[in-house]
Participant: 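Quick one: structure below, then a few questions.
By convention in this document, chain letters (A, B, ...) are assigned in the order of the sequence lines, proteins followed by strands, and residues within each chain are numbered from 1.
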Protein chains: 2
Amino acid sequence: MATSRPARRNNTDPESTRREILQAALEVLAQDGPESLSVAEVARRAGVNRGTAYQHFPTREDLAHATASWVSDRIYQEFYGDFEQLSETNEVYPADLALARLSDFAMNNPELSRAWLFDVMSTQGTVTDKFWKRYVEELGEFARSGYGREDIDVEVFAFITLASALLWPIWVGAHAKSTKARDKMQQRFVDEMMRLVLFGSLVPERHANLVKRFSKGGK
Amino acid sequence: MATSRPARRNNTDPESTRREILQAALEVLAQDGPESLSVAEVARRAGVNRGTAYQHFPTREDLAHATASWVSDRIYQEFYGDFEQLSETNEVYPADLALARLSDFAMNNPELSRAWLFDVMSTQGTVTDKFWKRYVEELGEFARSGYGREDIDVEVFAFITLASALLWPIWVGAHAKSTKARDKMQQRFVDEMMRLVLFGSLVPERHANLVKRFSKGGK
DNA sequence: GCTATAGTCAACAATGCTGTCTATTACCTC
DNA sequence: GAGGTAATAGACAGCATTGTTGACTATAGC
């Protein structure tokens, strides 16, 4: 009964198929958020049979979790992977380079940024994010190194910088179309952030009471 | 042919029905994002017949847009509505109060915050957001008033503060369960943000080159 | 009091997605 | 060449969602 059409195999390497599915899932995730991630759409976009997707990820939830975890790994790799060896020689990564690197990453990986932000916004809350932990850790070392102020609340500061750096390119992407305009917007972000961490935004002389209240952690 | 059950009218005021639908839509939107906003789910949550929802909003897209616009209005009202008169007498709203107010708003309106953030993250990009415009405007006045530094890039700074202030409670909500813990986290955010805008995060003496580069806008 | 109409509701058809299953083809290794 | 693995095609029931339509009801205007 050879009624059914030939079932050609496009790919013989299961690992690459898996990656393609995850990549497609990332795209969908970045576009619509985790709640509207559909196996059918992912399979379609990956150019893969729906059954194949179900072979790799038995259920929609499994695919969602696998994708989230894959995103976390990829961000970590992209960000820290290729200079693991550097951090052994160099004690502290210079502030301006670190910021430029972060901003650059966000600008060049809007999908990963979006996916990460969606994850943050998901009510579950991923505490076990490798990237986040490492980022906070390095910021802590920086604060203790003498280059950064010691009274920083590291977690909060890490959150502020990360959240705004990753969200900025998305905001920009929606408002500025051309590559040139986007580059300019990235520069503006880095400059303003540098300005902020160097000088703050208030004129101290006009805020004597606040200066007093927030100096040396006195309440 | 009275086979069909009586179609009782629970509500005679269309405006209130509309509001209830929008409120339910906001809840769904805040939970799952705009892409997975379904009329059926909204109607169910609003305790209203699906057909009624379609009467008020002919299509899913219409409901989504109406909700987004309603969110924008509500944020504006909640934030600026009840002290419109104050701003006429008072020239500049003090920095610490403004920040506390923003943080407070975000902590007490996580749904509106989430909805706003989802809107920011939507690829469309809402340039016409009343709240955003007003916020940037006031920050600009502050920068020019002498209380704030003049070299601030107002739009970028506004984005950084808004994005992190609105996203923070969501992040916190996922990590801290009790009300007490959340209050503490809010305080941490306000303190760190104040510390940041007052003093920055770098030790200037250790970054002489950066200080030079970013002073007076010299490149 | 009667009727027109706006507001609401229940039911319907069409579509899409999920999860599962079977039959089939291609490739790789032994 | 045999046997296992990876992938495809197709079909199925169950369910949710989208729009549409026709029927019902409360209220306002006459």
Participant: Indicate whether OP1 or OP2 belonging to D/dT17 is found under 4.0 Å from a side-chain N or O atom of B/R44.
Facilitator: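 Answer is yes, contact under 4.0 Å.
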
Participant: Respond yes when some side-chain nitrogen or oxygen of A/N49 is under 4.0 Å from OP1 or OP2 of D/dA9, and no when none is.
Facilitator: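 Looking at the OP1 and OP2 atoms of D/dA9, one of them is under 4.0 Å from a side-chain N or O of A/N49.
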
Participant: Respond yes when some side-chain nitrogen or oxygen of A/T52 is under 4.0 Å from OP1 or OP2 of D/dA6, and no when none is.
Facilitator: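 No.
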
Participant: C/dG7 P sits how many Å from B/E20 CD, rounded?
Facilitator: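 Taking CD of B/E20 and P of C/dG7, I get 15 Å after rounding.
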
Participant: Measure the distance from CZ on A/R18 to P on D/dA7 and round it to the nearest whole Å.
Facilitator: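 From A/R18 CZ to D/dA7 P: 11 Å.
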
Participant: Fit a plane to each ring of B/F79 and B/F105, take the angle between them on a 0 to 90° scale, and name the class: parallel (under 30°), tilted (30 to 60°) or perpendicular (over 60°).
Facilitator: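 Because their plane-to-plane angle is over 60°, the rings of B/F79 and B/F105 count as perpendicular.
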
Participant: Are B/R45 and B/V28 side-chain neighbours, meaning at least one heavy-atom pair lies under 4.5 Å?
Facilitator: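 Side-chain contact under 4.5 Å: yes.
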
Participant: Identify, between A/E41 and A/P58, the residue whose nearest nucleotide on DNA chain C lies closer to the 5' end.
Facilitator: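 Nearest nucleotide further toward 5': that of A/E41.
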
Participant: Report the end-to-end axis angle of the helix from C/dG1-D/dC30 to C/dC17-D/dG14; each axis comes from five terminal pairs, and the value is rounded to 10°.
Facilitator: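 Overall, the helix from C/dG1-D/dC30 to C/dC17-D/dG14 bends by 10° from one end axis to the other.
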
Participant: Rounding to an integer number of Å, can you tell me how far A/L63 CG sits from C/dC17 C1'?
Facilitator: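 My rounded result for the distance is 14 Å.
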
Participant: Write down the distance between CD1 (A/I21) and P (D/dT8), rounded to a whole number of angstrom.
Facilitator: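 Going from A/I21 (CD1) to D/dT8 (P), I get 8 Å.
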
Participant: Would you please classify the geometry between the A/W132 ring and the A/F159 ring as parallel, tilted or perpendicular, with 30° and 60° separating the classes?
Facilitator: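 Rings of A/F159 and A/W132: perpendicular, as their planes differ by over 60°.
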
Participant: Between A/L37 and B/G51, which has a closest nucleotide on DNA chain C that is more 5'?
Facilitator: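 The residue closer to the strand's 5' end, by nearest nucleotide, is B/G51.
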
Participant: For a quick test of reading the model: is some side-chain N or O of B/T59 closer than 4.0 Å to OP1 or OP2 of D/dT18?
Facilitator: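 Answer no for this pair, as no side-chain N or O of B/T59 is under 4.0 Å from OP1 or OP2.
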
Participant: How long is the line joining CD of A/E35 and P of D/dT17, in whole Å?
Facilitator: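 Distance check: A/E35 CD to D/dT17 P gives 13 Å.
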
Participant: Under 3.5 Å, is there a donor-acceptor pair linking the side chains of A/R50 and A/Q55?
Facilitator: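 The answer is no; no qualifying pair exists.
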
Participant: Measure from CD on B/Q55 to C1' on D/dG19 and round the result to the nearest Å.
Facilitator: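 Interatomic distance, CD of B/Q55 to C1' of D/dG19: 13 Å.
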
Participant: Are side-chain heavy atoms of A/E138 and A/Y80 found at a separation under 4.5 Å?
Facilitator: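 A side-chain contact under 4.5 Å exists here.
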
Participant: Donor-acceptor pair under 3.5 Å: do we get one between A/R50's side chain and the base of D/dG10?
Facilitator: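 In this structure, the two groups form no donor-acceptor pair.
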
Participant: D/dA7 phosphate, OP1 or OP2: any side-chain N/O from A/H56 under 4.0 angstrom?
Facilitator: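 True: A/H56 side-chain N/O within range (under 4.0 Å) of D/dA7 OP1/OP2.
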
Participant: Going by the rule side-chain hydrogen bond (donor to acceptor under 3.5 Å, both in side chains), which residues pair with A/Y135 if we only count those two or more places apart in sequence or in a different chain?
Facilitator: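 Per chain and number, A/Y135 pairs via side-chain hydrogen bond (donor to acceptor under 3.5 Å, both in side chains) with A/T161.
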
Participant: Starting at CZ of A/F57 and ending at P of C/dG19, how long is that distance when rounded to a whole Å?
Facilitator: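 Computing the A/F57:CZ to C/dG19:P distance gives 14 Å.
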
Participant: Using whole Å, what does the distance between atom P of nucleotide D/dT8 and atom OH of A/Y54 come to?
Facilitator: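 Taking OH of A/Y54 and P of D/dT8, I get 15 Å after rounding.
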
Participant: Which residues pass the side-chain contact (heavy atoms from CB on, under 4.5 Å) test with B/H65, sequence neighbours left out?
Facilitator: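 Here the qualifying residues are B/E61.
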
